[in-house]
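This report concerns only the one structure given below.
Convention: sequence-line order gives letters A, B, ...; per-chain numbering from 1. Computed from a predicted structure; not experimentally measured. The figures that follow rest on heavy atoms only: side chains count, while hydrogens, waters and symmetry mates do not.
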Protein chains: 2
Amino acid sequence: MFEVLFEHIDKKITLTKEEENKLTPFFIPKKYRKRQYVLQQGDICKYIAFVEKGMLRSFQVDDKGNEHVIQFAPEGWWIADNYSFLTGSPSSYDIDVLEDAEVLLITQTALEEMLQAIPVMERYMRILMQNSLISMQNRIACTLGSNAEERYQGVLKALPNIAQRVPQHMLASFLGITPETLSRVRRQLLKNS
Amino acid sequence: MFEVLFEHIDKKITLTKEEENKLTPFFIPKKYRKRQYVLQQGDICKYIAFVEKGMLRSFQVDDKGNEHVIQFAPEGWWIADNYSFLTGSPSSYDIDVLEDAEVLLITQTALEEMLQAIPVMERYMRILMQNSLISMQNRIACTLGSNAEERYQGVLKALPNIAQRVPQHMLASFLGITPETLSRVRRQLLKNS
DNA sequence: CTAAAATCTTGATCTAAATCAATAAATTTC
DNA sequence: GAAATTTATTGATTTAGATCAAGATTTTAG
């Protein structure tokens, strides 16, 4: 159950076998079924989730009822409403399951204890945040400087098989365009190749 | 010179007087004049900068020569091209000075040494990254779900005096709209109040 | 296996914001 | 303090992408 997490950690820092063993009890392994909610708007985000298998997604529902996909989290990704998790305020996002998933949950308290018990994990968390930051910054730069087609090509590079794994209208939402526009962009790209 | 930085750190963690003293030598204090470049596209970002005074900004120039403002960094903010800084690859951003500034620079190596010497700073850096991440995520959510006017109102809340401190066309660029559109949005808002 | 629900495509029309253009105001520079 | 440069405003026109609408295809559930 912890294979993907250990692999992920191992890319950034080195844990001794002992530290690895100390690590696991802080997490709650959990299985989720497709379409299940993991977090609902208004709830407090009690966990950060690491996806071992399957796919989750966070999104925001606006006043007109439109969904805006914030993040896709396939295996090897972390997902949460960081703001709610950190401040304990009600979440403005929803998180749900796109493909049956196995995740590792960790609470605020367990995280703090874990960082106390295994200080090198502070470093892992820092690097993690740093990397997320970079990809967010990149996404913002794309939104500012690129049109629908360029943004679509961009996401295909970042998440190569995402178009096969999520419904097109969710990908459209993630890109900040309508499903119709994405459909037209794809037709156009197919024609030119 | 370190007042603002210490204040900023103190909001997140506690440093002993001894740790504070150990901290300062890792930084290079530097003054910059308005319009000066701090980083140019293609250069490697050797420093993360903490702004003690004044204002910096990062932006990207696209193929058509249009500037896209990624971040404004007034006093109390960190700024860098994190990707270039971390990977050592050439930067795709520029950073320049909007108001005469005093900044504290820290190199990759000095940062690593600092984190070794004062381990609690790992925590500070992690929290820092986490907070940036939250505001970036929030910005993305705004870009996806809000129109020009709502986004303008949003940035006024986040950076209350930004409209007084930076030229309107830069604020427009930050919002992902043209200066003309921002001018019209502002006229509209004035009329309705 | 079939009905219902969800997803995708395509066309017609509309609209928020971009672009183009010209002038005005403010700021910087020498 | 006058000229040059930068910044902001306003109007006319265009356009990328949204919205509306209807049918086709695929997936899901009983």
Side-chain angles (χ1 to χ4, degrees), chain A residues 33-37 54-55 57 59 61-69 72 96-100 142-156 162-192, chain B residues 33-37 54-55 57 59 61-69 72 96-100 142-156 162-192:
Chain A
R33 282 277 164 73
K34 190 169 173 173
R35 281 169 196 277
Q36 202 175 339
Y37 277 102
M55 174 140 44
R57 134 251 209 195
F59 62 103
V61 181
D62 68 21
D63 1 299
K64 288 162 218 135
N66 297 319
E67 288 181 4
H68 303 284
V69 176
F72 294 113
D96 71 0
V97 179
L98 301 184
E99 292 172 5
D100 289 358
C142 279
T143 316
L144 293 177
S146 307
N147 62 17
E149 181 182 322
E150 291 161 341
R151 293 210 302 280
Y152 174 63
Q153 307 239 48
V155 79
L156 289 189
I162 196 73
Q164 284 72 56
R165 290 181 67 182
V166 307
Q168 242 177 74
H169 69 271
M170 289 190 193
L171 191 49
S173 163
F174 178 84
L175 292 169
I177 59 180
T178 58
E180 294 94 329
T181 298
L182 181 53
S183 176
R184 286 173 185 127
V185 163
R186 300 188 67 210
R187 180 174 47 166
Q188 197 57 36
L189 287 174
L190 282 171
K191 206 163 57 182
N192 302 346
Chain B
R33 282 278 164 73
K34 191 170 172 172
R35 279 166 200 281
Q36 203 175 337
Y37 276 103
M55 175 141 42
R57 133 247 210 196
F59 62 102
V61 181
D62 69 21
D63 2 300
K64 289 161 219 137
N66 297 319
E67 289 181 3
H68 303 283
V69 176
F72 294 114
D96 70 0
V97 179
L98 300 183
E99 293 171 5
D100 289 359
C142 280
T143 317
L144 293 177
S146 309
N147 62 18
E149 183 183 321
E150 292 161 341
R151 294 211 300 281
Y152 174 63
Q153 307 239 45
V155 79
L156 289 189
I162 196 73
Q164 283 72 56
R165 290 181 66 181
V166 308
Q168 243 177 74
H169 70 270
M170 287 189 193
L171 191 49
S173 162
F174 178 84
L175 292 168
I177 60 180
T178 58
E180 293 94 329
T181 297
L182 181 54
S183 176
R184 284 171 188 131
V185 163
R186 299 188 69 210
R187 180 174 47 166
Q188 197 57 36
L189 287 174
L190 283 171
K191 206 162 54 181
N192 301 346

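Look at R186(A) and you won't find any side-chain N or O under 4.0 angstrom from OP1 or OP2 of dT7(C). OP1 or OP2 of dA18(D) lies within a sub-4.0 Å distance of a side-chain N or O belonging to T178(A). For the OP1/OP2 pair of dT9(D) and a distance below 4.0 Å, the side-chain nitrogens and oxygens of S183(B) include at least one atom meeting the criterion. Contact annotation: R184(A) does not reach the phosphate of dT9(C) (side-chain N/O to OP1 or OP2, under 4.0 Å). When the side-chain nitrogen and oxygen atoms of Q168(A) are compared with OP1 and OP2 of dT9(C), one or more of them lie within a distance under 4.0 Å. For dC8(C), one of the phosphate oxygens OP1 or OP2 lies less than 4.0 angstrom from a side-chain nitrogen or oxygen of H169(A).
Atoms CD (Q36(A)) and C1' (dT28(D)) sit 17 Å apart, rounded to a whole Å. Atom CD in Q164(B) sits roughly 16 Å away from atom P in dT7(D) (whole-Å rounding). Here dT9(D) presents its P atom at 12 Å from CG of L171(B), a figure rounded to the nearest Å. One can place CG of L182(B) at 10 Å from P of dA18(C), the figure rounded to the nearest angstrom.
Each of dT19(C), dA18(D), dA6(C) was ranked by its minimum atom distance to the side chain of R35(A); first place goes to dA6(C). Listed nucleotides: dG17(D), dA17(C), dT19(D). Nearest to the side chain of A148(B): dA17(C). Comparing dT28(C), dC20(C), dA17(C) by their nearest atom to the side chain of T181(B) picks out dA17(C). Checking dT7(C), dT7(D), dT28(C) against every side-chain atom of P167(B), the shortest atom distance belongs to dT7(D).
In this structure, D96(B) does not pair ionically with R35(B), as no charged nitrogen and carboxylate oxygen lie closer than 4.0 Å.
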